Amino acid sequence: MPALDLIASFLLSAGYLLWHPFPLSWMVKAACIAILAARAGRSQAWGLAVALAFSALGDALLEYSPHLFAAGLAAFLCAQIIYAVLFTREARPPKRKPLAMVVVAYSLALAIWLVPAAGPLAIPVAVYITAITAMAAAAVIANFQTPWVGLGALLFVVSDSTLAINRFRMPVPFEGYIVWSTYYAAQLLITLGYLQSRRRGPYLYRAGAM
């Protein structure tokens with residue numbers, strides 16, 4: 001039987017996708033990811049739990065007010081840095097190097113096009129693009145026993161790229177649906193893939209690892 005917490009997270013996510021914005025939608029949005037953070041905490045995957053908690057905070061800030069965009073970006077920056085550290089620890093020996101190079105090339109092209117249009121947020125946006133690129137590249141070359149983490153990281157890039165293009169360059173049709181569906185799938189896949197590898201990996205998650 002699927003875990004009740006995952007069912008609750010998925011139903012909240014579906015409700016948010018279909019009906020946002022609505023009163024207290026920022027709480028529902030944050031709760032979807034906070035539930036995943038709690039699951040990681042119960043599995044003692046503390047690094048993952050903290051990254052998800054920062055993500056939930058970022059979700060709440062971005063949904064609560066557009067004036068909190070910079071604060072939300074900072075929360076997600078913290079999450080991406082933690083993810084990058086976690087995934088880099090498992091890149092021994094690295095796999096799928098060509099895919100990682102594609103991620104880096106895509107992000108570089110996106111930054112060249114996007115950052116000049118970000119105005120006062122140009123530097124924070126450039127820093128964030130660097131962080132999410134490091135996270136995604138580390139995820140796809142890591143030695144996880146499931147492809148879910150790498151796929152989730154790539155979906156994270158798709159989600160954030162869509163959001164940034166819509167905000168700084170041009171309107172993206174169905175932007176809200178694309179951003180949330182790819183983002184939630186990313187966080188869910190990263191969580192499940194990371195925890196599954198934690199249970200099964202022969203040399204992942206040594207004693208004292210995050």
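The model shown is predicted, which means the values in this text are computed figures rather than measured ones. Computed over heavy atoms, backbone and side chain alike; hydrogens, waters and symmetry mates excluded.
Rounding to the nearest 0.5 Å gives a distance of 12.0 Å between OG of Ser181 and CZ of Phe174. Between the OH atom in Tyr128 and the CD atom in Gln80 there is a gap of 4.0 Å [rounded to 0.5 Å]. The distance from atom CH2 of Trp19 to atom CG of Leu17, rounded to the nearest 0.5 Å, is 10.0 Å. Atom CG of Leu99 is separated from atom CD1 of Ile141 by 10.0 Å, given to the nearest 0.5 angstrom. We find the CG-CG distance between Asp160 and Leu155 to be 11.0 Å, quoted to the nearest 0.5 Å. A distance of 7.0 Å separates CG in Leu6 from CG in Leu36, rounded to the nearest 0.5 Å.
Residues Leu12 and Val28 share a closest heavy-atom pair of O-CG1, 3.7 Å. Between Gly193 and Thr146, the closest heavy-atom pair is O-CG2, 3.4 Å. Nearest heavy-atom pair, Ser55 versus Ala79, reported as atom, atom and distance to 0.1 Å: OG-CB, 3.5 Å. When every heavy atom of Pro116 is checked against every heavy atom of Ala111, the shortest pair comes out as CD-O, 3.8 Å. Nearest heavy atom pair, residue Ala49 against residue Gly41, reads CB-N, 3.8 Å. For the residue pair Ala84 and Ala134, the shortest heavy atom distance occurs at CB-C, 4.2 Å.
For the pair Ile165/Leu110, a side-chain contact is recorded, criterion being any heavy-atom separation below 4.5 Å from C-beta on. Between Leu195 and Trp148, the closest side-chain pair of non-hydrogen atoms is not below 4.5 Å. Using a 4.5 Å heavy-atom cutoff, the side chains of Val149 and Glu90 are not in contact. In this structure the side chain of Leu163 never reaches within 4.5 angstrom of the side chain of Phe168, judged on heavy atoms. The side-chain heavy atoms of Leu86 and Ile82, taken from C-beta on, include a pair separated by under 4.5 Å. At a threshold of 4.5 Å between non-hydrogen side-chain atoms, the residues Ser9 and Leu188 do not count as touching.
Ring planes of Tyr64 and Trp26: perpendicular class, angle over 60° (limits at 30 and 60°).
Judged by distance alone, with hydrogens and angles left aside, the side-chain atoms of Thr133 form a donor-acceptor pair with the main-chain N or O of Ile129 at under 3.5 Å. Counting only distance, with no hydrogens or angles, the side chain of Ser197 and the backbone of Tyr194 share no donor-acceptor pair below 3.5 Å. Judged by distance alone, with hydrogens and angles left aside, the side-chain atoms of Arg39 form no donor-acceptor pair with the main-chain N or O of Thr191 at under 3.5 Å. Listed for the Ser107 side chain is a donor-acceptor partner under 3.5 Å among the backbone atoms of Val103. Remark: the backbone N or O of Ala45 is not paired with any side-chain donor or acceptor of Ser43 at under 3.5 angstrom.
Looking at residues two or more places apart in sequence or on another chain, you find a side-chain hydrogen bond (donor to acceptor under 3.5 Å, both in side chains) between Ser13 and Trp180.
With hydrophobic clusters built from ILVMFWY side chains whose heavy atoms lie under 4.5 angstrom apart, Leu114 shares a cluster with Phe69.
Within the 6.0 Å centre-distance limit, the rings of Phe156 and Tyr183 are counted as a close aromatic pair.
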Practice problem: Begin with the C-alpha distance, continue with both residues' side-chain angles, and end with the deciding distance and a verdict on side chain to side chain contact (heavy atoms under 4.5 Å, CB included) for Leu48 and Tyr83. | Solution: CA-CA 7 Å; Leu48 177 64; Tyr83 276 142; 3.7 Å; yes
